[in-house]
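Residue numbers start from 1 in every chain, and the chains themselves are labelled A, B, ... in the order their sequence lines are given, proteins ahead of strands. Values below: every heavy atom of this structure, side chains too, minus hydrogens, waters and symmetry copies.
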There are 2 protein chains.
Amino acid sequence: MATGWQEIHDEALRRIQSRDWPPGALIPNEAALAREFGCARATVNRALQGLAKAGWLERRRRAGTRVTLSPQRRGQLAIPLIRHEIESKGQIFSHAIITRQTAEMPSPQRAALGLQGAPYAQHVQTLYLADARPFAFEDRWVNLAAAPDFATAPLDRISPNEWLVQNAPFAHGTLDYSAAPANTAGPHLNCQPDTPLMILERRTFGPDAPVTHVRLSYAPNFHLHLKI
Amino acid sequence: MATGWQEIHDEALRRIQSRDWPPGALIPNEAALAREFGCARATVNRALQGLAKAGWLERRRRAGTRVTLSPQRRGQLAIPLIRHEIESKGQIFSHAIITRQTAEMPSPQRAALGLQGAPYAQHVQTLYLADARPFAFEDRWVNLAAAPDFATAPLDRISPNEWLVQNAPFAHGTLDYSAAPANTAGPHLNCQPDTPLMILERRTFGPDAPVTHVRLSYAPNFHLHLKI
DNA sequence: TAGTGGTCTAGACCACGGC
DNA sequence: CCGTGGTCTAGACCACTAG
């Protein structure tokens, strides 16, 4: 049996899920619940704020707390390093640099990152392997203005993915998953050009400037798994 | 300029991202930070708990608070109703029931839901449309033992998706995205059987029993978008 | 065992926003 | 206006665990 604010959290969630507090209903205010549970109002507040953040409740000053009408569930998607993703399955991780060159960033990537002008960038194609079998093919452009040291990073020893995580901490970014034919990534992943693959396009922004644009083609049978 | 616990949260995050507090480092304890910011320890605690929950800090009693070595970013993936997903893009939502019949649940779905025996279930195939164009094709099995009223749900007026959300609140579930050829969903989505599609397999469990298994084939060009 | 974070309390003030 | 949730405080006790 839980005690403290978690107990109130769990009991409130039970009442919501059991429709004891039906969707859209106003629930008792914090002071009333504090009396009911025999605790301070702050303890109730903590419990209810958690439920509100999780989407079960909607709270407004003066108007009180209501059960969300159609709770929109949120999935927590962990974005691990590819190395960790592979090692957590008990497989051996390795990577191979296919091409690496400094060049002007092409238009599509420039546009995706919102870059003006023609910034110099480094283009790296990398194959990630699990137990020496292709896991994903990565086509990456790095804005050298935001991460100048990347030009001399020892990518034979540390993958571009991991180097950037460790050396170019970022503030925010976007992920975009879609399905597409393997096309030119096919040969690297030992599949036909028309094989459906999961594609991840990722844009990463530092505090001041865009850092990198990545297109990652996962080998066939890749699954993106979430719990809700 | 923020005030209160958010100010401390933001300042701490700035110190982490700027490597003022480098990865792995021990940061000052709560009492010291409370003195620095001129506030109560509870206020510092609230700020740091938020950063810990977001993965930036690791906190342990007696050992203190450390900056996470390789912060694993988490994406928040909202799981909207398909209707809301479409309407939020300014399109008109509609749906059409393709098939609907009560039958014994087949093995793959039974296994996915962990069901023993041969429970009766309802099998529904639904096409979801945005502006009268195919958006997704759904193949769903509903465990009638967990949601008996589904057998008589007016699915011509409310989609299976929405009916279940409103009438069979669930405790937890799993989502599984992958890429696959359209196959038999192709004709419904106006594409060739070999067109790559994003597939969502979803399992939903109520407090007591498994509720439903869904395989959703999204039309071409569907993108799953996340911010991190 | 001693230092750290986790939590609770009783009270207070404030911000918001129905009415 | 005034009831509601949001937050802060000062202090207290507890749970955990490194040393």
Q) Under 3.5 Å, is there a donor-acceptor pair linking the side chains of B:Thr126 and B:Arg140? A) no

Tabulate protein N/O versus nucleotide N/O from nucleotides 7-10 of chain D, keeping only pairs under 3.5 Å, one per line.
unit_1, atom_1, unit_2, atom_2, d
D:dT7, OP1, B:Trp5, NE1, 3.4
D:dT7, OP2, A:Gln49, NE2, 3.4
D:dT7, O4, A:Arg41, NH2, 3.2
D:dC8, OP1, B:Trp5, N, 2.4
D:dT9, OP2, B:Ala40, N, 2.7
D:dT9, OP2, B:Thr43, OG1, 2.6

Q) What is the distance, rounded to the nearest whole Å, between atom CD1 of B:Ile27 and atom P of C:dG5? A) 8 Å

Q.
A:Glu30 and salt bridge (Lys or Arg N to Asp or Glu O under 4.0 Å): which single residue from A:Arg35, A:Arg61, A:Arg41 fits?
A. A:Arg41

Q: Specify the separation, in whole Å, of atom CZ of B:Arg59 and atom C1' of D:dA15.
A: 14 Å

Q. Quick one: is C:dC16 close enough that its OP1 or OP2 comes under 4.0 Å of any side-chain N or O from A:Arg60?
A. no

Q.
Are B:Val44 and B:Glu36 packed together at the side-chain level, in the sense that at least one heavy-atom pair is separated by less than 4.5 angstrom?
A. no

**Q.** side-chain N/O A:Thr65 vs D:dT4 OP1/OP2, d < 4.0 Å
**A.** no

Q. Rounded to the Å, how far apart are B:Arg66 CZ and C:dG5 P?
A. 12 Å

Q: Establish whether the base of C:dA15 is bridged to the side chain of A:Arg62 by a donor-acceptor pair shorter than 3.5 Å.
A: no

Q) Parallel, tilted or perpendicular for B:His172 and B:Phe205, by the 30°/60° rule? A) parallel

(Q) Testing the 3.5 Å rule here: is there a donor-acceptor pair between the side chains of A:Gln6 and A:Asp10? (A) no

Q: With sequence neighbours excluded, tell me which residues meet side-chain contact (heavy atoms from CB on, under 4.5 Å) with B:Leu69.
A: B:Pro23

Q: For DNA chain D, list all stems, counting runs of three or more consecutive pairs where every pair is Watson-Crick or G-U wobble with both distances under 3.5 Å.
A: C:1-18 with D:1-18

Q. Is there side-chain contact between A:Met105 and A:Leu113, with at least one heavy-atom pair below 4.5 Å?
A. yes

(Q) Looking at B:Asp176 and B:Glu201, would you say the former's side chain and the latter's main chain have a donor-acceptor pair under 3.5 Å? (A) no

(Q) Ring-plane angle category for A:Trp5 and A:His9, please: parallel below 30°, perpendicular beyond 60°, tilted otherwise. (A) perpendicular

Q) To the nearest angstrom, how far is B:Glu58 atom CD from C:dG6 atom P? A) 13 Å

(Q) Expressed as a whole number of angstroms, how long is the span from B:Leu26:CG to C:dG5:C1'? (A) 12 Å

